[in-house]
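All of these numbers come straight from a predicted model, not from anything done at the bench. All residue numbers in this chain count up from 1 along the given sequence. Quick note: numbers below take in every heavy atom, side chains included, and nothing from hydrogens, waters or symmetry partners. As the structure lists them, so they are numbered: ligands from 1, and atoms in each ligand from 1.
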Amino acid sequence: MEKVVLVTGANSGIGLALCERLLTEDGQLRLCLACRNTQRGEAARSALLTSHSNAHVDLLHLDVGSVQSVLAAAQEVKARYNRIDFLYLNAGIMPNPHIDLKAFFRGLFSRNVINMFATAEGLLTQQDQLNSDGLQEVFATNLFGHFLLIRELEPLVCRAGHTSRVVWTSSSNARRSAFSIEDLQHRDGSEPYSSSKYASDMLSLALNRHKNSQGLFSSVICPGLVMTNLTYGILPSFFWTLILPIMWLHWLFGQNPESLDPRAKYHSLTSGLGTNYTQARQMDIDEEMAEVLYSKLLELERVVRKKE
Ligand SMILES: NC(=O)C1=CN([C@@H]2O[C@H](COP(=O)(O)OP(=O)(O)OC[C@H]3O[C@@H](n4cnc5c(N)ncnc54)[C@H](OP(=O)(O)O)[C@@H]3O)[C@@H](O)[C@H]2O)C=CC1
Ligand SMILES: CC(C)CCC[C@@H](C)[C@H]1CC[C@H]2C3=CC[C@H]4[C@H](C)C(=O)CC[C@]4(C)[C@H]3CC[C@]12C
């Protein structure tokens with residue numbers, strides 16, 4: 001039977017590469033590209049159809065950072081498909097990034113250098129803003145819009161006797177200390193990206209707890225450091241050319257894959273010899289906090305629905 005796969009943020013970077021890979025590995029897919037920009041979505045669809053001429057690739061308009069758009073897109077999905085087998089929650093933003101150069105050069109000569117390149121810990125801040133729904137933009141895009149999408153699509157992803165998978169594109173930049181349960185949206189901090197990714201790790205755990213019995217299984221992956229529009233937006237391009245040799249060092253110290261763990265986050269890595277592999281890492285997560293996050297998101301959902 002044809003599998004139905006929906007990918008958010010499918011028109012570029014990791015999302016587009018994922019679609020390409022999915023079509024290469026399974027010729028029996030119905031792939032739905034959920035994109036906020038129809039023109040860029042069309043271009044991605046054409047590119048995919050050029051390399052996979054018999055593939056079934058649909059386009060869906062979805063701005064995951066807008067409540068109204070998520071609700072409308074979910075209606076459309078329910079009209080088009082009777083189930084979703086894989087839901088890749090990949091769309092993400094890091095607006096107005098700022099690198100702490102002092103911390104970077106201090107880190108370069110410290111024992112923490114590998115970790116610094118892998119996680120950007122202590123290096124990156126961003127300036128966030130409110131969106132038209134009155135939500136912090138990074139929280140709304142990276143986390144809440146996706147949460148609302150899952151909630152809306154429950155009839156298609158929570159079906160007795162069938163398994164559906166939700167896969168979050170999280171990040172090794174997700175850090176517990178950047179997240180506050182009192183300030184879910186990260187209104188007061190300067191690391192909204194890190195906070196939103198940590199929240200998605202926790203939400204994945206909570207989803208498993210609440211929805212596994214209904215056939216929904218959630219997992220998180222970190223694609224590693226990938227050169228995409230998001231990363232190119234952090235520094236001018238000549239900087240990237242300059243630092244690529246240093247970054248190669250970080251890949252040199254990769255390790256072999258470990259055994260699977262229910263709390264694992266899968267990191268895609270490249271060894272010093274250029275071989276790609278995946279490594280599972282246990283997430284630094286407090287289950288109680290994940291439960292509180294889940295109920296707070298449900299509460300926020302009630303609030304935003306009332307406004308619609
Ligand atoms: N690059 C990296 O090193 C890493 C990236 N990630 C994560 O990977 C994911 C993909 O990012 P990446 O491929 O790097 O970056 P890109 O900027 O290339 O891709 C981001 C995608 O998300 C889409 N998007 C952004 N905002 C919205 C929105 N409101 N509604 C719908 N789609 C939206 C973008 O669409 P548009 O073209 O319209 O902007 C684009 O298709 C993100 O979640 C990111 O946090 C995680 C770890 C490392
Ligand atoms: C000469 C300097 C200005 C060089 C600064 C290097 C930094 C721009 C990059 C070093 C490490 C990079 C990152 C690491 C982790 C990524 C994470 C997994 C993610 O989700 C998004 C991108 C990263 C934060 C990425 C960003 C650039 C670095 C900070």
Side-chain angles (χ1 to χ4, degrees), residues 7-19 33-41 43-44 60-67 69-70 73 88-95 97-108 112-126 131-133 135 137-146 149 167-175 178 191-194 196-198 200-201 220-247 249-251 265-269:
V7 180
T8 70
N11 61 274
S12 71
I14 293 159
L16 181 57
L18 166 68
C19 292
L33 316 180
C35 307
R36 66 173 160 180
N37 181 307
T38 311
Q39 225 178 339
R40 287 198 285 260
L60 173 77
H61 182 258
L62 167 65
D63 178 345
V64 81
S66 150
V67 169
S69 173
V70 172
Y88 285 95
L89 304 176
N90 165 76
I93 53 167
M94 184 195 279
H98 173 81
I99 296 282
D100 182 340
L101 282 179
K102 263 196 202 158
F104 175 75
F105 286 110
R106 235 183 294 123
L108 210 51
N112 205 28
V113 59
I114 304 289
N115 183 55
M116 179 181 84
F117 276 102
T119 66
E121 188 175 343
L123 280 191
L124 257 186
T125 54
Q126 304 90 31
N131 69 8
S132 54
D133 294 314
L135 302 172
E137 200 180 6
V138 176
F139 166 82
T141 308
N142 295 4
L143 185 80
F144 186 66
H146 284 130
L149 185 66
V167 183
W168 297 82
T169 311
S170 179
S171 166
S172 57
N173 187 245
R175 230 178 48 258
E191 295 177 281
Y193 182 83
S194 192
S196 70
K197 293 296 176 180
Y198 185 72
S200 66
D201 292 357
V220 286
I221 59 108
C222 171
L225 174 53
V226 188
M227 300 315 296
T228 62
N229 293 340
L230 185 146
T231 26
Y232 275 123
I234 296 175
L235 288 172
S237 51
F238 73 91
F239 258 115
W240 286 114
T241 316
L242 278 179
I243 64 165
L244 279 179
I246 307 174
M247 289 174 42
L249 275 179
H250 148 57
W251 287 310
K265 174 165 169 177
Y266 298 101
H267 287 244
S268 170
L269 301 165

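- If you number the atoms of ligand 2 from 1 as listed, the ones under 4.0 Å from a heavy atom of L124 come out as 24 (C).
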Would you tabulate the side-chain donor-acceptor contacts of residues 118-125 under 3.5 Å, counting partners in other chains and residues two or more places apart, or write 'none'?
unit_1 : atom_1 : unit_2 : atom_2 : d
T119   : OG1    : N115   : O      : 2.8
T119   : OG1    : E121   : N      : 3.1
E121   : OE1    : N115   : ND2    : 3.3

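- Among residues two or more places apart in sequence or in another chain, the ring-ring contact (aromatic ring centres under 6.0 Å, His included) test is passed with Y88 by none.
- Judged by the shortest distance from any of its heavy atoms, P223 lies outside the 4.0 Å radius around the atoms of ligand 2.
- Between W168 and S200, the shortest heavy-atom contact is CE3-CB, 3.7 Å.
- Using a 4.0 Å cut-off to heavy atoms of I234, the atoms of ligand 2 that qualify are 26 (C), 27 (C).
- Within the model, atoms CG of L108 and CE of M116 stand 5.0 Å from one another, a figure rounded to the nearest 0.5 Å.
- When non-hydrogen atoms are compared, ligand 2 lies under 4.0 Å from neither the backbone nor the side chain of Y232.
- Nearest heavy atoms, V7 versus G15: CG1-O, 4.2 Å.
- Using a 4.5 Å heavy-atom cutoff, the side chains of S66 and N131 are not in contact.
- Here the side chains of L149 and L89 are in contact, with some heavy-atom distance below 4.5 Å.
- At a heavy-atom cutoff of 4.0 Å, ligand 2 is contacted by no atom of L242, backbone or side chain.
- Contact check for I93 versus E137: side-chain heavy atoms found under the 4.5 Å cut-off.
- Under 4.0 angstrom from ligand 2, the non-hydrogen atoms of F104 all belong to its side chain.
- With 3.5 Å as the limit, one finds a donor-acceptor pair spanning the side chains of S196 and N142.
- Atom numbering of ligand 2 starts at 1 in the shown order; those under 4.0 Å from a heavy atom of T231 are 22 (C).
- A pairwise comparison of heavy atoms in L62 and T8 identifies CD2-CG2, 3.9 Å as the closest pair.
- Backbone and side-chain nitrogen or oxygen atoms of S171 are examined, and one is located within less than 3.5 angstrom of a nitrogen or oxygen of ligand 2.
- Listed by chain and residue number, F117 satisfy the ring-ring contact (aromatic ring centres under 6.0 Å, His included) test with F104 (two or more places apart in sequence, or in another chain).
- For ligand 1, the protein residues placed under 4.0 Å by at least one non-hydrogen atom are G9, N11, S12, G13, I14, R36, R40, L62, D63, V64, G65, N90, A91, G92, I93, T141, T169, S170, S171, Y193, K197, P223, G224, L225, V226, T228, N229, L230, T231.
- Taking distance alone, with nitrogen or oxygen atoms compared against 3.5 Å, Y193 approaches ligand 2 more closely than that limit.
- Here is the list of ligand 2 atoms found below 4.0 Å of a heavy atom in W240: 8 (C), 27 (C).
- Close approach of ligand 2 to L101 (heavy-atom distance below 4.0 Å) involves ligand atoms 3 (C).
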